[in-house]
Protein chains: 2
Amino acid sequence: MTRYAGAMTPRSYHHGDLRRAVLDAAATAITEHGPAGISLRDLARRAGVSHAAPGHHFGDKAGVLTALAAEGYDLLAETLREAQQSTGQFVELGVAYVRFAVEHRAHFEVMFRPDLYHADDPAVVAARGRSGDLLVGGVGSVTDPTGPDAEVAKVAAWSIVHGFATLWLTGALPPGFGEDPESAARAVAGMLFSKEPKG
Amino acid sequence: MTRYAGAMTPRSYHHGDLRRAVLDAAATAITEHGPAGISLRDLARRAGVSHAAPGHHFGDKAGVLTALAAEGYDLLAETLREAQQSTGQFVELGVAYVRFAVEHRAHFEVMFRPDLYHADDPAVVAARGRSGDLLVGGVGSVTDPTGPDAEVAKVAAWSIVHGFATLWLTGALPPGFGEDPESAARAVAGMLFSKEPKG
DNA sequence: GCGGCAAACTTGACAGTGACTAGATTGCCC
DNA sequence: GGGCAATCTAGTCACTGTCAAGTTTGCCGC
């Protein structure tokens, strides 16, 4: 009996790229039901394989989310690198951070829930370091990077864009901020390091 | 057979205040294992009752977290009200926000995971509204509340303290920010609406 | 005091889940 | 084309959330 994954690809005993398929299924399922609402067996069903197949590639459920988190940090680094090369300004780097959170919601939500995955996994730690360096680098363009408050300024910059992204994702922001998150993020990030609101 | 809840209170068929006991057990369990790592049956065991008892008070698992979220918003409102009465300044209001997140970690973590509970529950909506008004009120003290960017300033303020609290809780901040979250929060929040870092 | 009634709690059951084991299938390399 | 390791399946077990039915108890009117 030949089975089919989805409605397209003919399948045999070996899937071909089950790892990729499970990660994609996880991203979809998390977007639908949140990071806590997924099950390994459902991911297996979505990929068209038996219930225990994902376990062979990722060890356990946390392993799937670990791989997703690592992938997320790499995607974030890529997004930040592009923004850095085009403008290099702090505000646009922050906008890129928010854009990543919105476009890769599932990845973002997993990345900052270390209780759900193996946060000390080497691949995750390395990818997290890369993206962290990129994010923090952009703050030097607007503040004195050697000043005593340089570290505080970096954390403040990270906090404001991370907070905005988180609040946007949870739907906690007042109506009007929902339609165009990037413009809203630009306005919000612009308030940091600027004397006062223009109004 | 007489049973005992914990090691103190003699118990009979009726618990007395099972609702309170389950909520306390939930807060403890969430602090230990995260919001996704709890089980109703474990809460029942911690409270010393049968596995289905919590269901009668909260309906389902999401009901427990709904009650916890509502309680959290009320606790937050209380914390903000105290800070508002003592100083009324935006920065101290933000510090109070962070203090709440640190001291009531379990509540805070649930509150901003609407996929885990019934976010449209009337009690939650009401409590959320109360705390939101208090938080936003403090921003008017530092910016022009009638200006065109007033709404943006409020969201920026909320974002920076919420982001800092979230990052602190996930352990994502660089070492040195961990020991005294309130002082760090004060420094970070002080960067908003101020021309530039002092350094 | 006491009957009864509603709330609180227990017991038992069922489907779904994560994780483990053993076995079946297949790509691939020499 | 033979053999081997990787890949996947099938079966199982303890645990979970939720439901239905039964048991115990506080309490109110009399």
Side-chain angles (χ1 to χ4, degrees), chain A residues 1-6 9-26 28-30 32-68 110 113 115-118 121, chain B residues 1-6 9-26 29-30 32-68 110 113 115-118:
Chain A
M1 163 181 151
T2 345
R3 277 177 309 182
Y4 292 83
T9 337
R11 277 261 338 290
S12 61
Y13 201 95
H14 283 26
H15 180 282
D17 198 357
L18 181 54
R19 183 186 166 86
R20 184 72 263 143
V22 169
L23 286 178
D24 290 346
T28 306
I30 290 172
E32 291 171 3
H33 308 114
I38 69 168
S39 86
L40 275 185
R41 291 170 111 99
D42 180 54
L43 301 186
R45 280 189 290 269
R46 290 176 188 247
V49 293
S50 79
H51 60 177
H56 286 276
H57 284 271
F58 300 98
D60 56 0
K61 187 178 179 177
V64 178
L65 298 181
T66 302
L68 209 64
V110 171
R113 270 168 187 68
D115 55 312
L116 292 181
Y117 63 96
H118 305 129
D121 180 271
Chain B
M1 164 179 150
T2 344
R3 275 178 309 183
Y4 293 83
T9 337
R11 279 260 338 288
S12 60
Y13 201 95
H14 283 27
H15 180 283
D17 198 356
L18 181 54
R19 182 185 165 86
R20 184 71 262 147
V22 169
L23 286 179
D24 290 346
I30 290 173
E32 292 171 4
H33 308 115
I38 68 168
S39 85
L40 273 185
R41 289 169 112 100
D42 179 55
L43 301 186
R45 281 189 290 267
R46 289 175 190 249
V49 293
S50 80
H51 61 111
H56 285 275
H57 284 272
F58 299 98
D60 55 1
K61 187 178 180 178
V64 177
L65 299 180
T66 302
L68 208 64
V110 171
R113 271 167 186 68
D115 55 311
L116 293 181
Y117 64 96
H118 305 129

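Order of the sequence lines sets the chain letters (A, B, ...), proteins ahead of strands, with each chain counted from 1. Side-chain atoms are counted along with the backbone in the values below, which use heavy atoms only and exclude waters and symmetry mates.
The base of D/dG11 is paired with the side chain of A/H51 by a donor and an acceptor separated by under 3.5 Å. Scanning atom types as modelled, no donor and acceptor separated by under 3.5 angstrom connect the side chain of B/H56 and the base of D/dT18.
Remark: the backbone N or O of B/Y117 is not paired with any side-chain donor or acceptor of B/K61 at under 3.5 angstrom.
The CG-P distance, from B/L43 to D/dT16, rounds to 10 Å in whole Å. What separates NE2 of A/H15 from C1' of D/dC8 is a distance of 11 Å, to the nearest Å. Atom C1' of nucleotide D/dA6 and atom CZ of A/F58 are separated by 15 Å, given to the nearest angstrom. When rounded to the nearest whole Å, the span between CZ of B/R46 and C1' of D/dT16 equals 15 Å. If you take CG of A/D42 and P of C/dA19, they are 15 Å apart, rounded to a whole angstrom. Atom CG of A/L40 and atom P of D/dT16 are 17 Å apart (whole Å). If you take NZ of A/K61 and P of D/dT16, they are 13 Å apart, rounded to a whole angstrom. Nucleotide C/dT17 holds its P atom 11 Å from the NE2 atom of A/H33, rounded to whole Å.
For A/R45, the listed nucleotide lying nearest its side chain is C/dT17; candidates were D/dC8, C/dT10, C/dT17. Ranking D/dC8, C/dA8, D/dT16 by closeness to the A/L18 side chain, first place goes to D/dC8. Distance from the side chain of A/R41 is smallest for C/dG18 among the nucleotides D/dA10, C/dG18, C/dT11. Taking only side-chain atoms of A/A52, from C-beta outward, the nucleotide of C/dC9, D/dG17, D/dG11 with the closest atom is D/dG11.
Contact check, A/S39 against C/dT17: a side-chain N or O comes under 4.0 Å of OP1 or OP2.
For the residue pair B/R19 / B/H57, no side-chain donor-acceptor distance below 3.5 Å is found, with atom types taken as modelled.
The side-chain heavy atoms of B/R113 and B/V110, taken from C-beta on, include no pair separated by under 4.5 Å. Two residues are said to be in side-chain contact when any heavy atoms from C-beta on lie closer than 4.5 Å; B/I30 and B/L65 meet this criterion.
Residue contacts for B/H57: at a heavy-atom cut-off of 4.0 Å it reaches the sugar-phosphate backbone alone, with no base atom in range.
Taking all atoms of both residues into account, the shortest heavy-atom contact from A/H118 to A/D60 is CE1-OD1, 3.4 Å.
For the pair A/A62 and B/D17, nearest-nucleotide mapping onto DNA chain C gives the more 5' position to B/D17.
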